[in-house]
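Here the structure is laid out as structure tokens; the discussion comes afterwards.
Throughout, residue positions are numbered sequentially from 1 according to the sequence presented.
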Amino acid sequence: MDSLCLIAPSVFVLERVNLPRNMIENSMFEEEPDVVDLGKDSTSFPVCPYEVVFEPRSSRLLVRGLGENDMDEDEEDCESSARLLGMSFMNRSSATRSDSSPYTRQAPPRSCSQPSTRTMVVCVLLLVVVVSMTMALYFFTGCKFTKTGCPKPNNTTPVETVYPVSTNGELFPWAELRLPRSICPLSYNLTLAPDLDKMTFTGHTVIYMSVRHDTNYIVLHSSNLNIANATFKASNVTVLEYKPRDQIAVKFSEKLKRGQHCVLTLEYSAKLSNTYDGFYNSSYTDKNGNKRVLAATQFEPLAARKAFPCFDEPAFKATFLVKINRKSDYMTLSNMPMAKSTPLNDSLVQDEYKKTSVNMSTYLVAFIVGDFIPVTKDVSKTQVSVYSVPEKKEHTDYALDTASKLLEFYNNFFEIDYPLKKLDLVAIPDFLAGAMENWGLITFRETSLLVGKQSSPLEKQVVASVIAHELAHQWFGNLVTMSWWNDLWLNEGFATYMQYMSLQNSCVCLQGNLFLAVRFRALDKDALNSSHAVSTDVNTEEQVEEMFDSVSYEKGASILLMLNASLPGDQQFRKGIIQYLKQFSGSNTDTDGLWNSLTQNVSEMMSSWTSQKGFPLVTVSRKGDQVTLTQEHFLLTSDNAICSLAPECRQLFTLKTKTGILKVPESVKWLKLNYKNTGFYIVHYGDEGWRALTEALSANISVLTHEDRASLIHNIFALSRLGRVAFHQVINLLNYMSNETETSPVTEALLQLNRIYRLLDKRQENIVVASLKVYTHSHKCTEESVSKQELRSTLLEMACNLDEKRCIQQAKSLFKQYIESNGTSRIPGDLQRVVFTVAAQSDEGWESLLNMYGHATYDAEKRKMLEGLASTPNTRALAWILKAGLNGDIIQTQELPLVISTVCNSFSGYLFAWDFVQENWDRLIEKFPVGSFAIQTIIKSATSQFSTQRHLDQVQAFFSSLKERGSQMRSVQEALETIRLNQCWMDKNLPSLRNLL
């Protein structure tokens with residue numbers, strides 16, 4: 001045996017194959033404090049990760065309003081610090097929210113047994129805070145959520161508090177973000193009458209409720225609704241409104257008694273939203289050039305309250321009966337099948353839908369008014385339909401076939417049939433999100449659902465992935481729902497995991513490296529100090545929006561993959577999630593509910609992965625037959641075995657403490673941990689280990705799987721950024737790439753090199769940039785050796801970006817043929833983006849492309865044209881396209897994040913885009929909610945390529961000035977941290993990079 005591959009999700013193994021595998025317990029680090037002083041001098045804490053000593057017991061105390069203050073060691077909870085469980089370097093404390101960053105410089109060691117006076121004062125203050133918070137939580141909530149989602153009474157009296165003032169000057173009876181648990185909605189009757197000419201609507205909402213404990217008021221949500229009348233027990237009542245929290249209330253002189261049932265009726269009017277949430281208006285141009293209008297909904301996470309008064313929190317589940325008035329030349333859709341249509345007069349019809357047969361959270365309610373036509377198929381007991389605007393009906397067949405196969409697969413896999421009689425998938429012409437899992441009425445962006453008959457396999461793969469994700473939500477999220485947004489990962493992590501698993505195991509084809517690539521990106525984000533725990537506190541509306549990120553989605557999916565790989569037997573994980581779905585069917589739960597429902601006792605092992613941010617860095621050192629594994633938090637501010645890939649060459653090892661030792665034969669020449677990268681951690685092999693792996697790959701790349709080769713590339717770049725490996729070691733590893741024939745290692749290497757290329761380009765390091773071009777050309781794989789379209793597309797995009805003459809000439813030739821044929825000579829889908837980008841580099845080509853964009857009807861192709869248009873070096877054209885995206889006439893505003901991201905990639909555009917973001921910030925947050933994924937994308941795109949102190953100061957000053965308009969977003973912290981890391985990496989590596997290249 002000359003090699004050894006260690007396997008597992010987070011596991012290193014001592015035993016031979018077929019033994020139970022357990023995961024590394026990663027009880028690591030406290031989540032980032034939710035208050036950050038942006039005005040703090042950026043030099044007051046370490047910038048470079050390799051300038052400090054990694055010390056797991058370091059912590060920081062954040063006093064709200066005072067910024068961060070380093071704690072001396074005698075101020076730490078020494079007992080908690082000593083109780084290391086698995087990967088835990090600092091035990092969590094309910095009294096403090098420490099940020100156990102290993103970057104904090106250590107004070108000289110002191111005794112734990114004799115706390116200082118300062119320590120005692122701090123502890124007393126913390127104790128007072130904890131007791132106060134405990135009492136407040138105990139008295140204010142007054143009850144708990146039960147399995148049914150409704151509150152259980154707790155006969156306590158609320159303590160006195162300071163109540164806000166309503167819009168009419170009266171005191172508002174509630175002072176918390178989350179609603180009181182005294183009232184539970186049972187069902188809603190909704191009647192909506194949209195006027196698509198005036199872009200307004202009226203509504204009539206009847207809410208049937210149950211009183212869970214005595215109360216003098218009902219508090220619920222309403223946002224921008226003009227309530228004209230409210231009745232309770234057939235009497236008019238006054239509605240109080242507190243706009244900062246979108247809450248309304250009705251107060252009563254006599255208490256509502258526990259067990260009582262009551263009805264509240266509200267009549268109101270509102271404008272159709274001109275953003276992309278709530279009940280919003282949309283429009284598109286048909287094939288004859290006519291403008292058509294429609295109205296659609298997007299309620300997740302906090303926008304059902306913009307369409308009807310409601311208890312707009314996930315745990316307040318109820319049934320819904322929906323009626324919609326429409327003009328006779330329109331049609332409507334809602335969650336349930338239509339019960340009847342009733343003419344109201346010569347021009348108006350009322351469509352009434354059946355009452356929902358399941359209890360639903362408000363964010364899953366949906367309705368649409370427009371002009372759509374379906375294609376339909378019966379699957380088991382469900383009618384599956386795909387709707388589009390009439391002229392795009394021919395693009396719906398693939399989605400219908402894919403959705404039908406996946407619905408059948410999920411029914412069998414979960415052993416729980418989809419509970420509704422219909423499943424509609426609707427392509428909305430103007431839709432910001434990729435898709436939304438409304439129960440029975442899934443809405444999609446057109447590019448996420450519609451594919452033409454000539455679409456490439458890659459375009460079909462994107463559509464199949466989105467459909468698989470949204471159908472998985474019908475079980476994970478709809479059938480079983482998280483109790484609050486802090487556990488969003490129970491929805492999104494499971495849907496993301498099932499998205500990839502289902503496509504690999506059903507009839508629908510999916511390239512397996514896609515899930516690998518998204519796991520790498522999740523590691524990149526979670527390596528930042530500004531990351532957050534998978535399950536983390538959510539106390540503001542902005543924080544709710546920010547939960548929709550790669551931690552909730554991709555990291556959530558990654559730890560599920562890791563758990564599945566660690567459980568014994570192929571079906572153990574499946575049995576556990578079936579039990580989870582059956583146990584909590586129709587109700588709400590939290591992360592503990594998931595762990596406790598699994599057949600194995602995984603709670604202790606898994607809770608650390610969800611309750612704390614980050615992941616482990618496992619360092620391998622070897623002496624003879626003894627291998628020492630040491631783990632620590634990987635913070636920036638594999639497996640494969642060889643002796644053939646036979647099972648006997650793999651071992652599973654569980655690392656429960658900070659350091660562990662395993663034995664291997666001395667004949668083993670090298671080790672690769674984290675087999676196929678199923679574990680959510682990074683491995684450092686030390687200089688000798690990296691040298692051995694580099695030599696092994698240079699001699700024979702087949703000694704490792706392609707997943708393992710890709711993970712080595714990702715890990716060594718990450719370690720270079722961390723400062724643990726020199727960049728010449730990165731270059732040495734990449735020398736094998738000329739022999740690489742698989743997609744995932746090549747795309748990962750090119751992505752990492754492209755990041756460096758863009759940083760150098762923005763710094764105008766022209767000589768180094770030119771050398772990097774030569775290096776990349778000399779190490780790229782020949783496209784003839786690999787037939788995969790994804791790899792061909794990636795290689796050609798890189799080649800043309802680096803101005804490779806043959807690539808440029810071929811792209812220009814394809815574009816010319818396309819123009820001269822009036823679109824009949826089609827460009828292959830996987831080559832469209834690179835061809836359109838090359839064409840847009842000239843003014844003539846840009847004008848031709850803009851004209852084509854205005855007449856294009858196929859959305860996937862149109863989006864690639866837009867990326868080409870946004871890549872022009874012409875600053876006048878850039879100014880036009882940014883403004884057009886903001887205005888939303890020629891270019892839909894839903895595409896603005898993509899436009900900004902593309903503009904930022906070029907040297908001529910990145911400063912231009914940053915100026916645009918600053919100048920138009922208020923308009924941007926009118927279009928997209930603060931903290932939303934769109935705003936996160938815009939911030940990251942506009943700042944991630946800065947690497948100088950001047951830009952760091954500028955970005956910090958701008959966001960600090962925003963105050964409540966976005967200064968406290970987690971994505972702002974991420975942007976500042978990324979710039980510091982870029983600056984640090986450039987300062988350390990630029991001199992050696994000049995020499996190496």
Side chain to side chain contact (heavy atoms under 4.5 Å, CB included) between Gln983 and Thr948, intermediate numbers included: CA-CA 6 Å; Gln983 180 185 6; Thr948 66; over 6 Å; no
Verdict with reasoning, Thr893 to Phe928, per side chain to side chain contact (heavy atoms under 4.5 Å, CB included): CA-CA 10 Å; Thr893 301; Phe928 314 114; 3.8 Å; yes
Verdict with supporting geometry, His469 and Glu492, side chain to side chain donor-acceptor pair (under 3.5 Å): CA-CA 9 Å; His469 183 99; Glu492 300 301 348; 3.0 Å; yes
Full working for side chain to side chain contact (heavy atoms under 4.5 Å, CB included) between Lys816 and Glu820: CA-CA 6 Å; Lys816 183 179 179 182; Glu820 291 176 348; 3.0 Å; yes
Worked verdict on Leu802 versus Glu804 for side chain to side chain contact (heavy atoms under 4.5 Å, CB included): CA-CA 6 Å; Leu802 297 178; Glu804 202 276 325; 5.5 Å; no
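Looking at Asn281 and Asn274, their side chains never bring a donor and an acceptor atom within 3.5 Å of each other. In the model, Asn982 has a side-chain atom that pairs as donor or acceptor with a side-chain atom of Arg721 under 3.5 Å. Side chains of Glu977 and Gln973: no donor on one and acceptor on the other come within 3.5 Å. Using a 3.5 Å distance cut-off with no hydrogens or angles, the side chains of Gln949 and Asp953 do pair a donor with an acceptor. Side-chain polar atoms of Asp524 and His714 form a donor-acceptor pair below 3.5 angstrom. No side-chain donor from either of Ser941 and Tyr910 sits under 3.5 Å from a side-chain acceptor of the other. A side-chain donor-acceptor contact under 3.5 Å links Asp277 and Thr275. Side chains of Ser947 and Arg763: a donor on one and an acceptor on the other come within 3.5 Å. No hydrogens or angles considered: nothing links the side chains of Glu740 and His706 as a donor-acceptor pair under 3.5 Å. Donor-acceptor pairing under 3.5 Å is lacking for the side chains of Tyr280 and Asp430.
Heavy atoms only, all atoms of each residue included: Gly909 and Leu878 are closest at CA-CD1, 3.7 Å. Of all the heavy atoms in Tyr284 and Asp371, the pair that sits closest is OH-O, 4.1 Å. Nearest heavy atom pair, residue Pro929 against residue Ser932, reads O-OG, 2.7 Å. Taking every heavy atom of both residues into account, Ile890 and Tyr853 meet most closely at O-CE2, 3.8 Å.
For Tyr500 and Phe515, the distance between ring centers is under 6.0 angstrom. Residues Phe717 and Trp985 place their aromatic rings such that the two centres sit no closer than 6.0 Å. Taking the ring centroids of Trp921 and Phe916, they lie at or beyond the 6.0 Å cut-off.
In summary, Asp922 and Lys927 do not engage in a salt bridge, as defined by a charged side-chain N under 4.0 Å from a carboxylate O. Classification of Lys287 and Glu391 as a salt-bridged pair fails, no side-chain N sitting under 4.0 Å from a carboxylate O. Taking 4.0 Å as the cut-off between side-chain N and carboxylate O, Asp286 and Lys291 do not count as a salt-bridged pair. Ion pairing between a basic and an acidic side chain is recognised when a charged N comes within 4.0 Å of a carboxylate O; Lys862 and Glu895 show no such pairing. The pair Arg970-Glu545 does not meet the salt-bridge criterion, since no charged nitrogen lies less than 4.0 angstrom from a carboxylate oxygen. A salt bridge is absent between Lys525 and Glu554: the closest approach of a Lys/Arg side-chain nitrogen to an acidic carboxylate oxygen does not fall below 4.0 angstrom.
Judged by distance alone, the side chain of Gln832 and the main-chain N or O of Ile827 form a donor-acceptor pair under 3.5 Å. A donor-acceptor distance shorter than 3.5 angstrom exists from the side chain of Asp549 to the backbone of Val551, with no hydrogens or angles considered. Side-chain N or O atoms of Thr872 include none that pairs as donor or acceptor with a backbone N or O of Gly868 at under 3.5 Å. Asn874 places a side-chain N or O within 3.5 Å of a backbone atom of Ala877 that can act as its donor or acceptor partner. Between the Trp846 side chain and the Ala839 main chain, no donor and acceptor come within less than 3.5 Å of each other. Judged purely by atom type and a 3.5 angstrom limit, Gln461 has no side-chain atom pairing as donor or acceptor with the backbone of Leu514. Remark: side-chain polar atoms of Asn801 are paired, donor with acceptor, to backbone N or O of Glu797 under 3.5 angstrom. Remark: side-chain polar atoms of Gln894 are paired, donor with acceptor, to backbone N or O of Phe431 under 3.5 angstrom. Checking side-chain atoms of Gln841 against main-chain N and O of Ser871 turns up a donor-acceptor pair under 3.5 Å.
The shortest distance between side-chain heavy atoms of Lys392 and Asp859 falls below 4.5 Å. Residues Gln809 and Leu814 fail the side-chain proximity criterion, which asks for heavy atoms closer than 4.5 Å.
With respect to Arg833, the side chain to side chain contact (heavy atoms under 4.5 Å, CB included) criterion is satisfied by exactly one of Val835, Leu831, Thr837: Thr837. Shown are Leu849, Ile891, Leu850; of these, the side chain to side chain contact (heavy atoms under 4.5 Å, CB included) with Leu866 is made only by Ile891.
Between Phe958 and Trp914, the two ring planes are perpendicular [angle over 60°; tilted spans 30° to 60°].
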